[in-house]
Amino acid sequence: MLFFSAAALLLVLALSSAVEAGKCPRVCSCDSTKLAVTCVGKNLTEIPPTIEEITVKLDLRNNNLQVLPRGAFTLTPYLTHLNLQRCNIIKVKEGAFRTLGRLVSLNMANNKITVLYQESFDGLSSLKELHLDHNRVEEIQPGAFTQLGFLNMLALTHNQLVYIPNMAFQGLNNIKWLRLSHNALNNLDPEAFAGLFTLSRLSLDHNELQFFPTQTMTRPPEVTRLDMSHNPMTYLGEESVSMPKLTHLYLNHMSLQDLSDQALSRAPLLSHLDLSHNQLRYLKPLSGPEALTSLNLTGNPVYCNCYMRPLRGWASVRGVKLLGACAGPPHLSEEPLQAVAPLDLRCRSRAETLKAEFEEDDESAGSIPPTAKPKQKVKCPVNCDCDIEVQHATCEGRGHTKVPRGFPTKTQLLDLRSNHFHHLPANSFPGTSQVVSLHLELCKIHEIEGGAFRGMRNLFYLYLSDNDLTSLDPRAFAGAPELNYLHLEGNRLIQFPGSALALLPSLFVLHLERNAISKLEPTGLLSSVTPKLQELFLTNNTITAIAKGALDSAFLGTLHLDSNQLTEIPTQALFEAPNLEELNLSQNSIRWVGPNAFKPISHSLKRLYMDQMGMEKMSRDALAGLGPGLRALTVRGNQLEELPDLSPLTGLQVVDLQDNPLMCDCPLLPLRRWMENVSLEVIATCGHPPEVRGQNVMDVHVFTSCPESSAPPDERVVVAPTPPNVQKPKASLSKEPGVKASPAKPKTKLPKPPKNKPQRKPVATKVIKNKKTL
Ligand SMILES: *[C@@H]1O[C@H](CO)[C@@H](O)[C@H](O)[C@H]1NC(C)=O
Ligand SMILES: *[C@@H]1O[C@H](CO)[C@@H](O)[C@H](O)[C@H]1NC(C)=O
Ligand SMILES: *[C@@H]1O[C@H](CO)[C@@H](O)[C@H](O)[C@H]1NC(C)=O
Ligand SMILES: *[C@@H]1O[C@H](CO)[C@@H](O)[C@H](O)[C@H]1NC(C)=O
Ligand SMILES: *[C@@H]1O[C@H](CO)[C@@H](O)[C@H](O)[C@H]1NC(C)=O
């Protein structure tokens, strides 16, 4: 009897464990009621072959799959949800998903996919959502999406698309929303969106489109919302927007200087037009959109004189809500447009009236419809192409050694890149006062004489990237006072060109990546010189030091100092940049971050990047002062064994702690608790002690024997002995070659490591539930 029951028990045990083993791969956790399997952050190089066939939700985030072979999921044909984010996927072979006819949602964001092959998505006949954002897609092969007849939403944001070929999205017969934001699109074939008969929403914001793709946009017939914001367009001509169903159009944050009153004449249903943050001084009543209810002109330099009277009157009569304010004249400055009475919109001085009349003439001369114009001979320099209608002229890569002259006077975009100018003498661009955007990339320029751009009164964007400049004449930019965006990346500048910038009072964004600047000095670099500078990019220089006063700028919002040679956080210098929101310090050699390092900017900072700095220690108070305002924090690829308390950072949306050798022991318990608590995807791996090396902090069990440490410190008593490696940061600090940070500083300032803190006496061990956040 006894024997029998013991044998039966053994049998039952053996059976149940066999079933368990078959059901759930060792590295995964399985929820048999929801039929969900989670194998997150295991560095898996292939899909575990023992996942139960019946699984419907499979979460494989944060692994190392690299290539998805043909038929990768044949063993799990019932999947409806598959998450492959951050799996280091480089290539999806044709037919990879062929067996997944029930899949509804596929997430492959944050991988390294560069090409979408013809049959990559074959078989996904039920798929509704496909996330391919944050990859490196630069090519969509014809037919890539032909099998996705049920797809509703395709996200291709944050990729490297430059060009969309004809019929790229053929087969998406149920697509509602196509998201192409944050690419580098500058060219869309006329048939790029052909065949998308159900598309209602199209996002093309944050690209490089220099003019409105009129013809391309006539193809998807049902689009109601189009987001084109943050593209460098300067002008919108007649009938630019020809979209019969469009109701919402976002053209904000572009560089529009002018907009034809007929630009929207073929968008009859438009109700919301956002033109905020452009460079519009005047706007005429818009013909076409009879149902317009809202016209947003916020952030334009609208000049409230008699030119604006027709618009104001039209808005009142039509019931169009005008948003925005007058930028001038002084007595109306900041007055909401909606509040200004038409009669107050006057041209008071004689000069102004004359000017108005003059421009009126000019206007009427120019407003003859282009179709009615006989094809006249366009004035254009030899070896260049000029397009009067879109006001572009280009001589790109035509071997010019001198800047050509004689462009049409209305030219707004002048593209001279890839020529061999070597040297730009004074007055190199006569008669180009309407040019807004000037491209001089890759022109082997090593010298720019003072006054080279003289007369370019409207120049807004200047691209001097990838030339051979080693210094800049202090008067190099004289006569181009409207310049807002200056690209000087990829030159050989050895100093911050402060004095040349003094002539650019409107400078807003400055690119100086890939130069040879080694110091930032307090020579009144910013606030006095470039009072409006908001974004400064200094990535990949050789900066070793930033003097106090060097960053003096009340408006600076974005500062990229990554890939330099800083050895400490430039805390002192940050005092003068009280509105800094984004700071990138990745790839410097900052081994130690002391207390209050970001205190001066703690109220404004939203994004802080400190990856790959060889950082060995962060003071417990390193992030002091930072709170709910911080949205992103990354410390990936450092040598951190501990981290400061992250729980005050309640507003975090992105956090990256990967590739740090964390010491998985009781002092890390607060981090572990925090990880369990937040609804963020946090990956953190143990580096010590040896028995848990490489395991995810969420998976190790060492914490189960830790005492509750939520009690105030004074209640704690010593509990577990800890490995004696507290000195390690200091030791390796002094060994590292080329590190100038004085080791004395950490020695005196390092807070007592929490390991040595007395802890509360052990209470009954509490098993921490192995919660996975989704
Ligand atoms: C992940 O696996 C690859 C090779 O399979 C290995 O080279 C790498 O070190 C592993 N990374 C971690 C964090 O375990
Ligand atoms: C108008 O534009 C501003 C600036 O882009 C934006 O903050 C505001 O929400 C817009 N208003 C409406 C009603 O769209
Ligand atoms: C820095 O610039 C050099 C030369 O342009 C380039 O080879 C290198 O890859 C860049 N490094 C980074 C981190 O961008
Ligand atoms: C920060 O700098 C690193 C190193 O150059 C770079 O890889 C990363 O993309 C940057 N992050 C942002 C948000 O600019
Ligand atoms: C967990 O979250 C709750 C509420 O969001 C908060 O009160 C608590 O302090 C958090 N605990 C930890 C350890 O972060």
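Atoms within a ligand are numbered from 1 in the order they appear, just like the ligands themselves. These numbers were taken from a predicted model, which means no experiment stands behind them. Here, residue 1 is the first one in the sequence, and each next residue gets the next number.
Near ligand 2, residues Ser276, His277, Asn296, Thr298, Leu323 each place a heavy atom inside the 4.0 Å sphere around the ligand atoms.
The aromatic rings of Tyr485 and Phe460 lie tilted to each other, with the angle between the two planes from 30° to 60°.
Contact check on Asp466 versus Arg514 returns a salt bridge, with a Lys/Arg side-chain nitrogen under 4.0 Å from an Asp/Glu carboxylate oxygen. The pair Lys617-Glu641 does not meet the salt-bridge criterion, since no charged nitrogen lies less than 4.0 angstrom from a carboxylate oxygen.
The side chain to side chain donor-acceptor pair (under 3.5 Å) check on Asn252 picks up nothing, with sequence neighbours excluded. For Lys245, the side chain to side chain donor-acceptor pair (under 3.5 Å) criterion is met by Glu222, not counting sequence neighbours. Remark: Ser203 pairs with Trp177 by the side chain to side chain donor-acceptor pair (under 3.5 Å) rule, at least two apart or across chains.
Ligand 4 places these atoms under 4.0 Å from at least one heavy atom of Gln587: 4 (C). Heavy-atom contacts of Ser563 reach the following atoms of ligand 4: 5 (O) (cutoff under 4.0 Å). Each of the atoms 1 (C), 2 (O), 3 (C), 4 (C), 5 (O) of ligand 4 lies under 4.0 Å from some heavy atom of Asp562.
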Met243/Leu249 under side chain to side chain contact (heavy atoms under 4.5 Å, CB included): CA gap, chis, key distance, verdict: CA-CA 10 Å; Met243 303 180 72; Leu249 177 59; 5.8 Å; no
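The distance criterion of under 3.5 Å between nitrogen or oxygen atoms is not met by Tyr609 with respect to ligand 4. For Asn584, a nitrogen or oxygen atom sits less than 3.5 Å from a nitrogen or oxygen atom of ligand 4, counting backbone and side chain alike.
In summary, the side chains of Gln66 and Asn64 do present a donor paired with an acceptor at a separation below 3.5 Å, with no hydrogens or angles considered.
Looking only at distances, no side-chain donor or acceptor of Ser200 sits under 3.5 Å from a matching main-chain atom of Thr224.
Counting heavy atoms under 4.0 Å from ligand 4, residue His560 touches it through the side chain alone.
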